[in-house]
Amino acid sequence: MTNAEIAAVFEQIADLLEFQGANPFRVRAYRTAARTISELTEPVAELAHAGPDALTELPGIGADLADKITTLVNTGSLPLLEELKAQVPESVLTLMRVPGLGPKRVAAIYNKLKIKTLEELREACLQHKIRDLEGFGAKTEENILKGIEAALLATQRILWCDADQIVQEILAHLEGTKGLRRLAPAGSYRRGKDTVGDLDFLAVADDPNPVMDRLAKYRAVKDVIARGDTKMSVVLQSGLHVDLRVVPEESFGAALQYFTGSKEHNVILRGMAKDLGLKINEYGVFRGDKRIAGREEEEVYGALGLPWFPPELREGRKEFEWAAAGSLPELITLEDIRGDLHMHSTWSDGLATIEEMAEAARKKGYQYIAITDHSQRVSVANGLNPERLLSQWNALDQLAGKWRNFRILKGVEVDILEDGRLDLPDEVLNQADWVVASVHFGQNQSREEITRRIIGALKHPAVCAIAHPTGRLLLERPAYQVDLDAVLRAARDYGKMMELNAHPRRLDLDDVACAAAKAYGVPIAISTDAHSINGLEAMRYGVLQARRGGLTKADVVNTLPWGELKRRLPRYRR
DNA sequence: AGAAACCATTCTGACGGGTGTCCACCCGT
């Protein structure tokens, strides 16, 4: 059983317990455990086999949860979950997806009216049965009816790159509003999370009303959900929520800090403030009634003796430990990148010629690129057999003298076949400058098989890195089953590298895996996997993800000149 | 449910806005 599956069980238990009105701290214990487990790199199942002590050493896991994990790992199920499911029809939990309905109200609706589905809830609203319940009224009933539509729309998350487009559009739309003094996007968008659930904007204005009026007029706004003196929520036609908060100038930093989050980061920060006899809210840092900071984020953190945290690190993971130790990483930037080590050309399924890709890369200031077209097995992508690949490399030799200070590496993205063999013969692979290996076929194999295939590829002397190591497609397809921890250890042992695929739908390794790779000392190559000139622009998404993983320039190999990069690979060492 | 220290008990993640109904609930970071 994978960490993600165990975490999902605990999340479900938390939902069911919450619905039953259980002790909120008990509910939180399950949620905390779920988060801990899902962010762990090593498989919890292995810890479970090592014995209960290995599990209870994890923060937030005590004797009881350790026992439940062990049961889950050994039997694949959990009696508590089965009991809860028997007591609460699972469909009731979908009622909590209706905005405005939490555990208390859903419990009331279910207990009094025996309503179990969204359809039954809609009926009850239309027959005005909801408004007669204690604590409910006509207005609530109306809002529930509206909310059901929203729940059915299934408020999806969107890719960071898509969020970026909308954010830029809204910023441009609000820019120039009368009395608007400052404006900034916040939330998970600002933290650079690979997918974004809603958009948050923060403004300073002489009067909030013109700004709110203007947001309401944004072309894609469908509905204004709430509007008060300082806070406004709208929903776009796509179902995406946009929140706007307007604060006084002297609170801008505190509000930006609060609104950027994450929630977990804020909770820790505010707890630290409390210990110092201070209070932090979105209006500032307060000692008693006296505001001692708030205009800029630096002041807010500074009031607690903390450095300013890059938003990408504000996830409530290790950042406060790093700050205490004075070892907050200096994160990599787009300007540090000197080359791109994964891209395709018209030789396989790319849209641009090698020369076009090279010209575009040179314009970006790169010193080198690797052309890594697909190997023969990927026939739908016009993958290259040995003859065509060698002929491509001949063509590269012809181009070699064309540019000064720019180099095209002879590369290939070789498939790791279902049986673990590589899709090209050794004598061909050995002639390449740069080889990335990846899994495209047999993604449904067992965790053991896929892990063995990838580790086998890492062991091959010609292979430099594993490309898109989990195969996930964000919002589309989950990662294949793979023991990433074992893969990272193998990369360390064989002196190999791992790719962070910068394509905005992939972005694997993810942030947590990047941090794990760094901890093992495994170098990362951030590569775009571009299939067109425009695809090269994806580098910024990869860098953003790397920053979330706490990577510095030194952790990323394509910040190096090629000459230095290659010396990091065993095959080039003597 | 975990964790600390009180080994049975106590505390536990911070803080505030908006809404609808009458103080609670839900929501956001």
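Below, each value reflects all heavy atoms present in this structure, side chains not excepted, and no hydrogens, waters or symmetry copies. The chains referred to below are lettered A, B, ... by the order of the sequence lines, with proteins before strands, and numbering in each begins at 1.
Using a 4.0 Å cut-off between charged side-chain N and carboxylate O, A:Arg182 and A:Glu296 make a salt bridge. A:Arg122 and A:Glu119 are joined by a salt bridge, as a carboxylate oxygen and a charged side-chain nitrogen come within less than 4.0 angstrom of each other. A salt bridge links A:Asp15 and A:Arg31; the closest N-O separation between the charged side-chain nitrogens and carboxylate oxygens is under 4.0 Å. A salt bridge is defined here as a Lys NZ or Arg NE, NH1 or NH2 lying under 4.0 Å from an Asp or Glu carboxylate O, and A:Asp213 with A:Lys178 fails to meet this definition.
In this structure, the side chain of A:Thr71 engages the main chain of A:Asp67 through a donor-acceptor pair within 3.5 Å.
For the P atoms, the distance from B:dG20 to B:dC15 is 28 Å, rounded to whole Å. Taking the P atom of each, B:dC11 and B:dC6 are spaced 13 Å apart, rounded to whole Å. Between B:dG18 and B:dC23, the distance separating the two C1' atoms is 14 Å to the nearest Å.
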Report all side-chain donor-acceptor pairs from residues 185-193 of chain A shorter than 3.5 Å, counting only partners two or more places apart or in another chain.
| from | atom 1 | to | atom 2 | distance (Å) |
| --- | --- | --- | --- | --- |
| A:Tyr189 | OH | A:Asp164 | OD1 | 2.4 |
| A:Tyr189 | OH | A:Gln168 | NE2 | 3.4 |
| A:Arg190 | NH1 | A:Thr260 | OG1 | 2.8 |
| A:Arg190 | NH1 | A:Glu297 | OE2 | 2.8 |
| A:Arg190 | NH2 | A:Glu297 | OE1 | 3.0 |
| A:Arg191 | NE | A:Glu315 | OE2 | 2.7 |
| A:Arg191 | NH1 | A:Thr260 | O | 2.7 |

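Judged by closest nucleotide on DNA chain B, A:Lys68 is the one of A:Lys68 and A:Ser188 placed further toward the 5' end.
For the pair A:Asn266 CG and B:dC27 C1', the computed distance is 15 Å after rounding to whole Å. Here B:dG2 presents its P atom at 4 Å from CG of A:Leu65, a figure rounded to the nearest Å. Whole-Å rounding puts the A:Gln257 CD to B:dA14 C1' distance at 11 Å. Nucleotide B:dG16 holds its C1' atom 14 Å from the CD1 atom of A:Ile280, rounded to whole Å. Look at CG on A:Asp200: it is 15 Å from C1' on B:dG16, rounded to the nearest Å. Rounded to whole Å, atom P of B:dG28 lies 8 Å from atom NE2 of A:His241. Going from atom CG of A:Leu244 over to atom P of B:dC27 covers 20 Å, rounded to whole Å. Counting to the nearest Å, the P atom of B:dT29 and the CZ atom of A:Phe201 are 13 Å from each other.
Taking the ring pair (Phe, Tyr, Trp, His ring centres under 6.0 Å) definition, one finds that A:Tyr283 meets it with nothing, sequence neighbours left out. Legend: residues meeting side-chain hydrogen bond (donor to acceptor under 3.5 Å, both in side chains) with A:Gln165, ordered by chain and number and at least two apart, are absent.
Within the structure, ring pair (Phe, Tyr, Trp, His ring centres under 6.0 Å) contacts touching residues 255-277 of chain A (residues at least two apart or in different chains) are A:His265-A:Tyr301, A:His265-A:Phe309, A:His265-A:Phe320.
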Per-nucleotide protein contact along nucleotides 3-11 of chain B, 5' to 3', at a 4.0 Å heavy-atom cut-off (B base, S sugar-phosphate only, - neither), is S--------

Could you run down nucleotides 17-25 of chain B 5' to 3' and tag each one B, S or - for protein heavy-atom contact under 4.0 Å?
SSSSS---S

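Here A:Phe259 does not count as stacked on B:dT29, because the ring centres are not under 5.5 angstrom apart with planes under 30°.
Side-chain to base pairing of A:Arg270 with B:dA14: one donor and one acceptor N or O lie within less than 3.5 Å of each other.
For the pair A:Lys263 and B:dC15, the criterion of a side-chain N or O lying under 4.0 Å from OP1 or OP2 is not met.
Taking the side chain of A:Ala29 as heavy atoms from C-beta on, and the options B:dA1, B:dG16, B:dT29, the nearest nucleotide is B:dA1. With distances taken from any side-chain atom of A:Asp64 to the nucleotides B:dA14, B:dT12, B:dG2, the minimum falls on B:dG2.
Under the side chain to side chain contact (heavy atoms under 4.5 Å, CB included) rule, A:Ile332 has a single partner from A:Asp555, A:Thr552, A:Val556, which is A:Val556.
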